[in-house]
There are 2 protein chains.
Amino acid sequence: MAGSEILARPVRLTDEVTRIIAERIASGVLSPGQQMPSEKELGETFGVSRAVVREAISRLKHDGLIEVRQGVRAFVSANPGGQVFRLEAPGGVDLAALFDLRICTEARAAELAAAHRRSDDLRRMADALAGMKSPVLESDDKVSADAAFHAAIAAASANGYFARLVEFLGEALRAAIGTARRNSARLPGMSALVQTEHEAIFAAIERGEAAQAGQAMTVHLSNARDRLGLAEKTPAG
Amino acid sequence: MAGSEILARPVRLTDEVTRIIAERIASGVLSPGQQMPSEKELGETFGVSRAVVREAISRLKHDGLIEVRQGVRAFVSANPGGQVFRLEAPGGVDLAALFDLRICTEARAAELAAAHRRSDDLRRMADALAGMKSPVLESDDKVSADAAFHAAIAAASANGYFARLVEFLGEALRAAIGTARRNSARLPGMSALVQTEHEAIFAAIERGEAAQAGQAMTVHLSNARDRLGLAEKTPAG
DNA sequence: CATATCTTCTTGTCTGACAAGAAAGAAGAC
DNA sequence: GTCTTCTTTCTTGTCAGACAAGAAGATATG
C-alpha cells in the first residue's frame, strides 16, 4: 500500500471501488469476456484491502456484471447490464418521465389482463376496489388497496415480467412522490373521480375488452399524473 | 443453460445468506424501517464469519433493500425493491413473455421518438440503418447495428428511463436467445424483410407520425418474435 | 508421447485486530 | 432536579494474516 492513495476518505471505500470497476466495464475499458485483475492486484491498485475489493466484486457478481470462478479469476460477463435494471437517479427522479414509463407498462398490462383474466384475478381486483371505496379505512390502507388493484391487474396479465415491472415502477413512484412532497400536500387520494376511473378499468377487463381496458388505464394514470401537477412529457400519440 | 447445472455445485455461503435475508425482507419477516440484527449476530445465526455476512449486507445495501449506518446497524429500506428490477428467472427465461414486454416498451419509445426526434437522433438511426444494409459487414457487426438502431430510437424518446429499459431488455433478450440456441441455428438476421421493417419505422419517426411509428415498431418486433418461433402469448379471443 | 504429480496462483472463508461513529449511561456543574 | 460532559459500549468500516478449495501450468515419470 505504498503511497498510492487515489481514494478520498469520507466515502465508503467499497462504494468507490464498485463504482470505478462498474464504470470501466460500462465504458468498455474492461470488455466482455475479459479476465479481470486478481483481487490482490485490484487491492494494490486502489490502495485498499482485499476485503473491500471482495465486497465490491461481490456486488458486481450479484448484478451479473462479472462472473467469478474460484481458482481462476473474475471475468467480465458476456452481457454486462443484462440482468439488472437500476433506477438510479442521483440527481433526483424525473417523476414525469417515470410516469410515462408506468403508463405505457400498465396500459399494456391492462390489455393483457383483459385477454387472460381469470375468476380469481377478477375477485382480487374487486376486493381492492371495495377496499378503496370503504369510508372507514385510513389513508395508508387506501394507498395499499390502490397498489393491490394495480398489482392484481398486472398479475392477471399472465406475464410475470409485466407483473414485476408494474410492481417495481409503482413502488419507485410512490417512494419518489413521498420524498418529493413529504407532508407538503395531501395526496390527491381516492376521490370519487378516481374511483370511477378504477371501475372503468375493471369493467373493461371483466368484459374482456383489451383495447378499452388499456385506454381506461391510460386515462386513469394520465389523470393521476396531472393531479400531481406534472407536465405532460408527450404530445398525445 | 439452467438445465446444464444439474451437477452438484458448491454453494457459496455469501449467496445463501444474501438469498435468505432478501427473502425475509420480501416476505415481511423483516418489515420496512425495522432494525436488523448486527453483523455479529447474523454471523452466529447462520454459522458463518462476519466477512460473509458483510458481503451479503453489501449486496443488499447496493440493491437498496437495506440502509446501513455506521455505528448503529442496518435498517430495512422504506421501499424495499423500489430501486432494482432484476430479471432473475428461476427455471429459465420466458422468451415470449419477455418479448411482449419489449414490444410494449419499444413501441411507446418509437412513438415518443417520433414526437421528440432531433436531427442528431435521426442521423444516428440512419447510420445504423446503413450499417445493417452494408453487405461487407460480419454478422456480429449487423447485430450491433441493429442494437444501435433500436438504441437510437430509445434515446430519441427524450426519456432516459425508456432509453435504459430498452437497452436493458434488448441485452437481456439477446443474451437469452444466444444461450437458448447456441449455434443450433443461424440467427434469422438481417433479411430484406427486416430491412424494410426498419425503414418503415425510421420513415414514420422522421415524419413525426407517432402512431405509425409505434405501429411499425410493433409489427417489426412481433415479426421478430415469430421468426424466432415463439408463440404469441396473447390469444386475441 | 502420455500421464501423474507438484508447484503456484486465485478465490472462498475464518479469525483477530483496530479505527470511526453513535447511543446509552455515569459523573460533575449549576 | 436538570443540564452538560465524559466515558463506556456497541456497531460498522477497514486492515492484516492465515488456511482450505479449486484450477492451471510446470515437471517428473512411465
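Below, chain A is the first sequence line, B the second, and so on; all start at residue 1.
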Checklist entry - Is a side-chain donor-acceptor pair under 3.5 Å present for A:H116 with A:D121? => result no
Checklist entry - Any donor-acceptor pair under 3.5 Å joining the side chain of A:R69 to the base of C:dG12? => result no
Item to check | C:dA22 phosphate, OP1 or OP2, under 4.0 Å from B:R73 side-chain N/O | outcome: no
Item to check | Rounded distance in Å - CD (A:Q70) to P (C:dT11) | outcome: 10 Å
Checklist entry - Given D:dG13, is OP1 or OP2 found less than 4.0 Å from the side-chain N or O atoms of B:R54? => result yes
Checklist entry - Expressed in angstrom and rounded to an integer, what is the separation of B:R50 atom CZ from D:dT12 atom C1'? => result 6 Å
Item to check | Atom-to-atom span, CE of A:M36 to P of C:dT10 - whole angstrom | outcome: 13 Å
Checklist entry - Looking at A:T14, does any N or O in its side chain come under 4.0 Å of the phosphate oxygens OP1/OP2 on D:dT14? => result yes
Item to check | Rounded interatomic separation in angstrom, taking CD from A:E55 and C1' from C:dT11 | outcome: 16 Å
Next on the checklist: Using whole Å, what does the distance between atom C1' of nucleotide D:dC10 and atom CD of B:E44 come to?
Outcome noted: 14 Å
Next on the checklist: Please report the distance, rounded to the nearest Å, between CD in B:Q35 and P in D:dT11.
Outcome noted: 9 Å
Next on the checklist: Without decimals, in angstroms, what is the distance between B:L13 CG and D:dC19 C1'?
Outcome noted: 15 Å
Checklist entry - Is it true that the side chains of A:H62 and B:D15 contain a donor and an acceptor less than 3.5 Å apart? => result no
Checklist entry - Where the side chain of B:V72 is defined as all heavy atoms beyond and including C-beta, which of C:dG12, D:dC15, C:dA23 is the nearest nucleotide? => result C:dA23
Checklist entry - Just wondering, do A:V76 and A:L65 contact through their side chains at under 4.5 Å, heavy atoms? => result no
Item to check | d(CZ, B:F75; P, D:dT11) in whole Å | outcome: 12 Å
Checklist entry - Can you tell me if B:S58 and A:R59 form a side-chain donor-acceptor pair at under 3.5 Å? => result yes
